[in-house]
Structures are given as structure tokens and as C-alpha cells.
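Here the structure is laid out as C-alpha cells; the discussion comes afterwards.
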Amino acid sequence: MPELKNLEDTKPVFRFAPNPNGPLSFGHARGIVINGSYAEEHKGTLILRFDDTDTTVKPPELAAYDLIPQEVEWLLGRPADRIVVASDRIPVYYEHAEKMLRNKFGYVCKCTAEAFRQFRESKTNCPCRDKSVEENLSDWNKMLDGTYKPGDAVVRVKTDMTLKNPALRDWPALRMQDTVANPHPRPNIRSKYKVWPLLDFQSAVEDHLQGVTHIIRGKDLMDSTRKQTLLYEHFGWSYPETIYWGRVKVHEWGGFSTSKMRASIENGEYSGWDDPRLPTIQGLQARGIQADALRNFWIELAVTQKDISVPLATLFSHNTKKIDDDAPRLSFIRDPVEVEILGDVPSEIELPIHPNHSDKGTRTISLNPPNVFIESEDARGSYRLKEFADIDEDGNIESVERSDKRPIIHWTSTTTSEHSTLLIPNQEEIEYISGRVESNDYSAGTIVQLERIGYAIVTNEGFLLMHE
RNA sequence: GCUCGUGUGGUGUAGCCAGGUCCAUCAUCGCGGGUUUUCAUCCCGCUGACCCGGGUUCGAAUCCCGGCACGAGCACCA
């Protein structure tokens, strides 16, 4: 990761600030990993902050308040150092809004959104801009007590209507929301407040109050930095060091959004947030992706402002490195064909659990009766049953030692195997392949390698193929 | 449209701020080979890139100008 600037005097403070409107996704992991790794590297602090100030467009979800900290802990291997919830801090934001009005760098604007858009485009001051402090405070109170309704009035930060960048012109800081129709999900908040800060204001004030020193976030928030810097100037604060990353697309996933996923889950396309096909933290967990691997993946992509598109193979490659040494080998026979082995067949045979780690012990396959299953694809000509014997097309043992270059295939015996199902999470649908798996007592969640197929995770239904 | 940002091999990434040591780093993918009784792991090797055009300079991936391409913001969302 790139070196940070402005690290001189104090321990740095970072923050990861999602909207708790659903479980975390793959993309959120970047914010957690990068901010968390920097915090760890510099013995700094990581704040997890819930920016839950919108009850209408992207309403928060109660369950996420408990789930997200767990997901952060899973990913980092340690919890966030501090959790801040914006909806607990509304009075603090009000204080700052009032200070803004009193010090004349903010005003209550009663123009409609459309009317203000005209002013913004024409670089014209809105008539509300020149109101007295008294008038602004009076209007502010009418916002607070509900005399005004959502849409009637907002608090704006006075910047300059002639600024080159239209996004920065007298930007809105607080607005009203109908929290009776759309109550906040947290039981102690519900309909308590009518006036709510917008992200740029809430985040800016909170960053200052929490002593955040470094903000690392998406470059879509570049204009936010500029807006917030203008606010900091008004307050006489200095803005944190800011670093941006560009947009990341995973080729196989394309564009998933929390709202899109929610809709797809609700209409039954996916089983839930933990569906292994979904790019959620839970989906990745279900798919056997290790926290370490995900961390390494994001650190390797680093923090650049380029918009990139990466293949899943990159993530899988990191994952393979993490799991291979621990993954017991197992035989899974797709579309099994039974073959009776003729000749001098031992009653049982021992196979290593892991070819590179003999200390992991052996597995025993019974060959009494001497019948085995092989994949129908492999059932042509002669072959070698791995770790056992060379067999001719009729099932006769030709040699116990490897005698030629015939293909080596995996197999299992009829006795030491049972029916099982292999689930393959393709993009569109989950493919179910039934077959015979070598008998084992691995519990759900264990990651194994199905020889010649790939890495899979044991589930209650059978095996879920992770990747090759 | 206006504003901001980014352009290094198939995909990511280092180098760019402080020009030469860069016939450009590392990883991944692909291909080939070795180890291995898995098409896994591990090891070795190969192919492959500085968006384009000017300029400054003895010298530019690095600095300047102009194009082009891509992305984001211009929400009473986060």
C-alpha cells in the first residue's frame, strides 16, 4: 500500500463508514481492509461509523447494526476500535448547524429543489441567502418543530454561487424527513427527529469530532471532500489527509448494488444474502473465501484512482494459497460407473489425506467386495486407479506398480463411499451434480479438495464447489 | 453541457512528485518444462506494456502543451 502523508505527530485515525442498509458487500471489504490495514500498520485507530441519516431513500436496516461489526471483525481478525452511530449524534449535528447559522456561513433556504437548481446553474444567489441571523434561527426552529414540512426548507452552507464546480455552490447540509411515514428503524430513534443532516455535513462534522486524520474512500466522493473542505474553512478546522480509489468491477459479477440484490433475494432468485453466488461478505464466506485471502486481494489491488476490472481468478488464486495446505483430499465421483476389479485385490488400501503433509495421516478404503466407482468420463480404455493399480478395460489388474503412461484417475470403492451432491454456484443458477463421495466425517464448513475437480466446502447438503 | 479525475503487458500493480542506474518491477492469467500415482500444491522458464501527437532536454514512462479514451460529480441518497 502507498505510504501515507501527514503521519508526523499523532497516531492516525481512520474510519470506515457504511450505510447500514444491508449486509456488507465485496466492495465494502475494500474500505475495511485498506483502512483497517493502515490503522494496524501505524498502530492507529479504526472507527466503524454508521452513516444512517437517510430514512427515506436508503433506509437503514436494524439487523445490520449487529451484523456489520461481526463482518468487520471476521475480515480483519479483530473488531473495529470504536463504533459511532450517526443517529445517536443528531443533537451534536444540530449544535453545529446552529453555529453555522449564527456565524452567518449557513442559511435556511426555502426554495424548492428545482428552483435552487436554476440558481446553481445560473450562478445566481438565492434570495434566502441574505436573511438575517434572527430570521435564519427562526426558520431553523420552524424546521425543528415541524412547522415546515419535508421539502419546504433546508439548511445550506454558504460557499460561493460563482464557484467553477457547480456541485460546491451553497450545498445542502440538513433537510427534513417524514419520520412518521418513514420512521428510523432503531427503536430509540424512530420518529424522534424531523431534521436530519445530509452525508456531507454529518460526515464532515463527525470526522472532525472523532479526530479522523486520514480518509480513504472512493473517488466518487472527491466533490464531497471539496464541499467539506469549504465547511472546515468556515469552522476553522483543518481537513484530514484524503486518498481515493477508483471503481472496481469483478468481471463475473458486473454491477450488483445492495438494492438490486435485495430485490433479487425477495423475488426468489437467490436464497438469501449468504447465497454463494452473491458478492456479499456472507456469500463469500459461504463460498469458502478466507478472510486472509480477501485481505491480500484488496491490498494487492492497492489504492489507485484507476477504474479497474478484475477476474475472480485473482481472488481464487489468493484463496488457494490459504487453503491448500489444510485441505484434506477426497474423492468425488461424478456420474459414477461401477467396475469390478479382478485379480489379486487387497481387502483395503491406505491413501494419504494430504500428499504434501504425511503428518495428516491416511484414509482407509475398503476393497471388500472389490468393486469401485469411477467417473463415466474416465471409463474408457485402460487407466490407473490413483495410488492403487493399473487396470485394463475389463477391470483386470495389470500391475500394482505404475507400468506405463496411462491416465491416472480418481476413484472410490462401493463400500467406502456414499451418495452425495456437488453444488456448483454458477452465475445464473446453482448446478447440482450427484455422485459418490468417499466416506468421511468432515463437518459442515470444512474445506476439502475433491481430487481432479477443485476445492469445495462441506455443507449440510453435500459439497459446494468453491473454485479450482 | 459544466466540473473533477484517470490513462504502464490479457488482468492488476511498481516506477512518475525530486528526468538518466528502466532494452521498465512484482503478482496473476496464458504457454512450455520439472517435482508429484490429482487437471491440485510447489519449482523453473517464455511470450507480453509506458493512450496519441508535439515541445523542453545531451537524455522523458517520468516535466510542459494539445488531442483522444474512459470514469465520476453537478440529489432536500450514502
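These values consider heavy atoms only, across backbone and side chains, with no hydrogens, waters or symmetry-generated copies.
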message: Measuring from atom CG of A:Asp325 to atom NZ of A:Lys360, what distance do you get when rounded to the nearest 0.5 angstrom?
response: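 Separation between the atoms: 7.5 Å.
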Nearest-0.5 Å distance that lies between atom CZ in A:Arg82 and atom CD1 in A:Ile47: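 Interatomic distance, A:Arg82 CZ to A:Ile47 CD1, rounded to 0.5 Å: 4.0 Å.
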Can you tell me how far [atom1] in [N] sits from the matching atom in [M], rounded to whole Å?
N     : M     : atom1 : result
B:U47 : B:U25 : P     : 12 Å
B:C46 : B:A27 : P     : 13 Å
B:G12 : B:G54 : C1'   : 31 Å
B:U35 : B:A40 : P     : 15 Å
B:U13 : B:U6  : P     : 14 Å
B:C63 : B:A75 : P     : 34 Å

- request: Would you kindly check whether a donor in the side chain of A:Arg384 faces an acceptor in the base of B:U37, or vice versa, at under 3.5 angstrom?
  value: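 Checked by distance alone, the answer is yes.
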What nucleotide, of [options], holds the atom closest to the side chain of [X]?
X        : options             : result
A:Ala167 : B:C76, B:G73, B:A14 : B:G73
A:Tyr455 : B:U28, B:A78, B:A40 : B:A40
A:Gln305 : B:U41, B:G5, B:C2   : B:G5
A:Ile408 : B:U37, B:G71, B:C76 : B:U37
A:Leu301 : B:G12, B:U37, B:A72 : B:G12
A:Arg402 : B:C77, B:U37, B:A40 : B:U37
A:Met222 : B:U13, B:C77, B:C4  : B:C4
A:Leu221 : B:G5, B:G12, B:A78  : B:A78
A:Asp51  : B:C4, B:A40, B:A78  : B:A78
A:Ala302 : B:U13, B:A75, B:U11 : B:U13

If we ignore hydrogens and angles and just use 3.5 Å, is the side chain of [X] paired with the main-chain N or O of [Y] as donor and acceptor?
X        : Y        : value
A:Asp390 : A:Ser403 : yes
A:Ser382 : A:Glu393 : no
A:Asn136 : A:Tyr107 : no
A:Tyr232 : A:His208 : yes

field: Between P of B:U41 and CD of A:Gln449, the distance in whole Å
entry: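 It is 8 Å, rounded to the nearest whole Å.
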query: How long is the line joining CG of A:Asp139 and P of B:C76, in whole Å?
result: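 For the pair A:Asp139 CG and B:C76 P, the rounded distance is 18 Å.
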Do the side-chain N or O atoms of [X] get closer than 4.0 angstrom to the phosphate oxygens (OP1, OP2) of [N]?
X        : N     : result
A:Arg175 : B:A78 : yes
A:Ser317 : B:A27 : no
A:Lys306 : B:U13 : yes
A:Arg226 : B:C4  : no

Using a 4.0 Å heavy-atom cut-off across all strands, classify [X] as base, sugar-phosphate, or nothing.
X        : result
A:Glu300 : sugar-phosphate
A:Pro355 : base
A:Gly246 : nothing
A:Lys164 : sugar-phosphate
A:Leu199 : base
A:Thr56  : nothing
A:Asn356 : base
A:Ala313 : nothing
A:Phe116 : nothing
A:Thr304 : sugar-phosphate
A:Thr320 : sugar-phosphate
A:Ile409 : nothing

query: Going by distance alone, is a donor N or O of one side chain under 3.5 Å from an acceptor N or O of the other, for A:Gln202 and A:Asp51?
result: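 A donor-acceptor contact under 3.5 Å links the two side chains.
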task: Would you jot down, in residue-number order, the residues of residues 328-336 of chain A having a non-hydrogen atom under 4.0 Å from RNA chain B?
output: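 Only A:Arg329 qualify.
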- prompt: Step by step, would you call A:Tyr244 with A:Thr225 a side-chain hydrogen bond (donor to acceptor under 3.5 Å, both in side chains)?
  reply: CA-CA 10 Å; A:Tyr244 306 97; A:Thr225 299; 2.7 Å; yes
- prompt: Picking from A:Val33, A:Leu315, A:Ile32, what satisfies side-chain contact (heavy atoms from CB on, under 4.5 Å) with A:Trp298?
  reply: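 So the option named by the test is A:Val33.
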Axial cation check for A:Phe116 ring with A:Arg156, 6.0 Å and 45° limits: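 Yes; both conditions hold, so A:Arg156 lies above the ring face of A:Phe116.
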